[in-house]
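Quick notes on the structure that follows.
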There are 2 protein chains.
Amino acid sequence: MKIERTNRMSLVDQVVLQIEELIESGTWTVGTRLPSEMELMEQFDVSRNTLREAIRALVHSGLLQTKQGSGTHVCSTSALGAAIERRVSKSRLQETLEVRHALEREAARLAAARRSEEDVGRLRLYLDNCRQASAVRNQEAYAEADIQLHQAVAAATRNHLLIELYEHMTEALHSSVRNLVELSFCTDVHEYIHEKLVEGIAAQNEEAAAEAVNEYMAYLKDLLSTSLEE
Amino acid sequence: MKIERTNRMSLVDQVVLQIEELIESGTWTVGTRLPSEMELMEQFDVSRNTLREAIRALVHSGLLQTKQGSGTHVCSTSALGAAIERRVSKSRLQETLEVRHALEREAARLAAARRSEEDVGRLRLYLDNCRQASAVRNQEAYAEADIQLHQAVAAATRNHLLIELYEHMTEALHSSVRNLVELSFCTDVHEYIHEKLVEGIAAQNEEAAAEAVNEYMAYLKDLLSTSLEE
DNA sequence: ATAAACCAATCATCCTACAAATTTGAGGTG
DNA sequence: CACCTCAAATTTGTAGGATGATTGGTTTAT
């Protein structure tokens, strides 16, 4: 039994909760355009002010997006992304990288312990995509394949909280420093580490997988320090 | 130059930003009671609706707290805590523990690399507090000293993002499972790991510190699995 | 067919009014 | 004086109306 935190919930909070439920349940998917304020007022049986306060709260949380004259659209299914992005944007790059690597190292260990054969197949596929993009020096394709590979590692952990946090940290990182795309450029070291990571996970060798991430981190830190000296 | 995301910011967003600034700058510290809506309307020169939408957004973010008839108070300086707590409350305990341990392992490594002599002093102090509480079997004091110790480890990393995330994960963990307080009860294993962790950091031995966290994690996972079988 | 003008839908802001919860303080009582 | 009672003032919560600004589509004129 979940009592409403010592007293009854305000109307605004009730509307917020109902909208969140509609989004999380998938009734309103990302991109969906919500009914107009008038219709929502009738649907929830609240006044304009109450409805607008609820919507404004969700807009600020990053779940909704409103545009005058156009309407309100579902923007995301989780409020974590916006909160993390705001916080990360105020951090130094090195701090953010260290946190992301903390998640990645754990992901590598858990993936090695829990990966299925399907996971290994996906990892090898994305690794191959990386190699092909690297061979033709297609930086854009490489960056995409690189992200897919790392997210496949996270996915193999079966830990949805970890998957989501890693994804949000990666997004926040990329949106805060577009100029450092070279961090995910194709290099021999990068390739060697990718292979060690994937094969470590395939062999269910936690230590090898974690060590690959360690090397990746040391490599990035080195790259970053020389990059900042310029 | 930071243009306001392709068009001018709405009045509500401007007010939100100003209030956030007042909180982050420390002008309004946690616990401070905000001026009444009337006064804030004059201060920001906006209507009551606009002001209320801004306040409601910050309430939902976890920065403010309103109580009818009483007023509005500052609740936190960061919106991350509330977002994390919401997300963690929907996760399984094991998932949350794995993420927290990812952060803790990285914290142990970085602390070993960067700790000052003052950090070592604090760590040994809190370790001693743990021992004393353990000696007299004072569970409450032990839990507090335990938290202080782990946060001191995070603090020694000098990575404020990591510190904040670890703190929020710990809070979310504790508020979501009050019934598992025994996780931080005093045991010999617990003490042995604490000592290994602190001494590893003092000796600037990253591997030893990380290994201590690994052992702690294995111990907790074991405890958890037997606890769930009951 | 193209471009300009128009129009309907929608969100943004402001206003007033009243309800509900809390705090404050005046006045009475021992 | 200390303490209780209760009404008034303060403060947030909810309702409803009015107007402005922006967008997207439609119509109209060339």
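Below, chains carry the letters A, B, ... as their sequence lines are ordered, and counting in each starts from 1. This structure is a prediction, so every number in the text was calculated from the model and none was measured.
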How long is the line joining CE of B:M9 and C1' of C:dC11, in whole Å?
18 Å
Quick one: list whatever passes side chain to side chain contact (heavy atoms under 4.5 Å, CB included) with B:D13, sequence neighbours left out.
A:R56, B:M9, B:S10
Pairwise salt bridge (Lys or Arg N to Asp or Glu O under 4.0 Å) hits with a residue in residues 154-170 of chain B, at least two apart
A:R87-B:E164, B:D119-B:R158
Partners of A:H150 by ring-ring contact (aromatic ring centres under 6.0 Å, His included), sequence neighbours excluded?
A:H194, A:Y216
Is it the case that the side chains of A:S25 and A:T27 hold a donor-acceptor pair, with the cut-off being a distance below 3.5 Å and no angle test?
yes
Atom pairs under 3.5 Å: protein N/O with N/O of nucleotides 17-20 of chain D:
unit_1	atom_1	unit_2	atom_2	d
D:dG17	N7	A:R48	NH1	2.8
D:dG20	N2	A:Q68	OE1	3.1

Just to verify, what does A:K221 make a side-chain hydrogen bond (donor to acceptor under 3.5 Å, both in side chains) with, not counting sequence neighbours?
none
Measure CD/B:Q65 against P/D:dT12 and give the value in whole Å, please.
13 Å
Closest non-hydrogen atom pair between B:V15 and B:A54, with its separation:
CG1-CB, 3.6 Å
Within residues 34-44 of chain B: residues closer than 4.0 Å to DNA chain D (heavy atoms):
B:S36, B:E37
Using the side chain to side chain contact (heavy atoms under 4.5 Å, CB included) criterion, which residues pair with A:A152? Sequence neighbours excluded.
A:L123, A:Y126
Pairing residues for A:L40 by the side chain to side chain contact (heavy atoms under 4.5 Å, CB included) criterion, not counting sequence neighbours:
A:W28, A:L34, A:P35, A:Q43, A:F44, A:L51, A:I55
Only counting residues at least two apart or in another chain, list the ones meeting side chain to side chain contact (heavy atoms under 4.5 Å, CB included) with A:T157.
A:A107, A:L110, A:A111, A:N159, A:L162, A:I163
What's the NZ-C1' distance between B:K67 and C:dT22, to the nearest Å?
8 Å
Hey, could you give me each pair passing salt bridge (Lys or Arg N to Asp or Glu O under 4.0 Å) that has a residue in residues 36-47 of chain B? Not counting sequence neighbours.
B:E37-B:R48, B:E37-B:R52
I want to check one thing: is the phosphate of C:dT22, taken as OP1 and OP2, less than 4.0 Å away from some side-chain N or O of B:S70?
no
Going by heavy atoms closer than 4.0 Å, what residues in residues 50-62 of chain A are next to DNA chain C?
A:R52, A:R56
Does OP1 or OP2 of D:dT14 have a side-chain N or O of A:S47 closer than 4.0 Å?
no
For atom NE2 of B:H73 and atom C1' of C:dT22, their distance in whole Å:
12 Å
Just grab all the salt bridge (Lys or Arg N to Asp or Glu O under 4.0 Å) pairs involving residues 15-26 of chain B, residues at least two apart or on different chains.
A:K90-B:E24
Determine: side-chain N/O of A:T72 to OP1/OP2 of C:dC11, distance under 4.0 Å, yes or no.
yes
Does B:S10 have a side-chain nitrogen or oxygen under 4.0 Å from the phosphate oxygens OP1 or OP2 of C:dC11?
no
